[in-house]
Amino acid sequence: MAKPPYRIDSGERVNLAKLDPRDDGGWEREAAEARAEELGRELEDLQELQYAAGDHGLLIVLQGRDTAGKDGTIRYLLQHMNAQGTRIQPFKVPTPKELSHDFLWRVHAVTPGRSETVIFNRSHYEDVLVVRVHNLVPESIWKERYEMINDFERLLVKSNTIIAKFMLHISKEEQEERLLEREQETEKAWKLSVGDWKEREYWDAYTEAYEAALERCSEVPWHVIPADKKWYRNLAITETLVEILRPYREGWMEKLGKVGERAKAELSDFRAQAPRRA
Ligand code: AMP
Ligand code: MG
């Protein structure tokens, strides 16, 4: 794999140690920010078309360790997304009611309908990440989930959902810095959690769990985003999203053209019947 962001396709092996979280694809910060803004405008256009055409839902899955930048990514993306039709969906520790159903029950219910965009802040992948690392269910249960996830994503794709999956890849050193920052800055302290320091002790187990999820569930490709540099992360995600959506542009334009023609035809019929309204 040459250059980031790294696309993981079906059947590929993944060794996260070989993907550098500090990578910036050779960009300088200022140029990267300018390019991200440019692509952001294209993203805005594409999402507008997706919304108006009404044929596809867009599901953006964000995964990453604590402090990897999921919240920051969402803040950035929202600057370039149509608030109308976009929803943020966080996944927390499941409630007793959620636990009394299959693990995809709470997920399926909040997937995007046609026209909609939903950003998953964490996702069904927690059920093979935190759950696997801490044995929240026996191995015999979680190990069957990879295939269930593939089936689930296949169902969504066949039902006109465009899925974009991102793993925000940060280094252990960067995580430490970000956790310490949270202690020092009042505006960040609300995010402080002993849990994050505790989870850090399971760094290697998470690495293994991430690698397994990336390898076994890449029928819908994953995108590993080097995330130590936030400005590069923003560029890489925006660029990847635009590349995923671009191939649909023509079809959406065609659909909108037809809808427009139909509306014009109806309007001219209406005027023909009541000429004084013209
Ligand atoms: P945060 O993203 O900081 O709001 O934290 C949400 C917490 O919920 C994280 O510690 C996740 O690991 C946890 N979580 C999310 N989904 C699940 C799940 N399916 N099972 C167990 N814990 C989960
Ligand atoms: Mg947290």
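This chain uses plain numbering: 1 for the first residue, then up along the sequence. For ligands, and for the atoms within them, numbers begin at 1 and follow the listed sequence.
- With respect to atom 8 (O) of ligand 1, the closest heavy atom belonging to the protein is Val93 N, 3.2 Å.
- Counting only heavy atoms of the protein, atom 12 (O) of ligand 1 lies nearest to Glu126 OE1, 3.1 Å.
- Under the 30°/60° scheme for interplanar angles, the aromatic rings of Phe166 and His223 are found to be tilted.
- Looking at Arg114, its side chain never comes within 3.5 Å of a backbone N or O of Gly57 through a donor-acceptor pair.
- Here the shortest heavy-atom distance to atom 23 (C) of ligand 1, taken over Val128, Val130, Asp127, Val107, belongs to Val130.
- In this structure, the protein non-hydrogen atom closest to atom 20 (N) of ligand 1 is Pro94 CD, 3.4 Å.
- Listed by number with element, the atoms of ligand 1 under 4.0 angstrom from any heavy atom of Phe91 are 15 (C).
- Checked by atom type and distance alone, the side chain of His101 pairs as donor or acceptor with a backbone atom of Lys97 at under 3.5 Å.
- Nearest to atom 4 (O) of ligand 1 among the protein's heavy atoms is Lys92 NZ, 2.4 Å.
- Looking only at protein heavy atoms, the nearest one to atom 7 (C) of ligand 1 is Arg122 NE, 4.2 Å.
- For atom 17 (C) of ligand 1, the nearest non-hydrogen atom from the set His134, His124, Arg106, Lys198 comes from Arg106.
- For the pair Asp66 and ligand 1, the shortest N or O to N or O distance does not fall below 3.5 Å.
- With hydrogens and angles ignored, the 3.5 Å screen pairs no side-chain donor or acceptor of Ser218 with any backbone N or O of Pro221.
- The one candidate from Asp23, Leu214, Leu16 that meets the side-chain contact (heavy atoms from CB on, under 4.5 Å) condition with Tyr6 is Asp23.
- Of the N and O atoms on the side chains of Arg65 and Thr207, at least one donor lies less than 3.5 Å from an acceptor on the other residue.
- Here the options are Val14, Asp20, Asn15, the test is side-chain contact (heavy atoms from CB on, under 4.5 Å), and the partner is Lys18; only Asn15 passes.
- Of all atoms in ligand 1, numbered sequentially from 1 with element shown, those under 4.0 Å from a heavy atom of Val131 are 20 (N).
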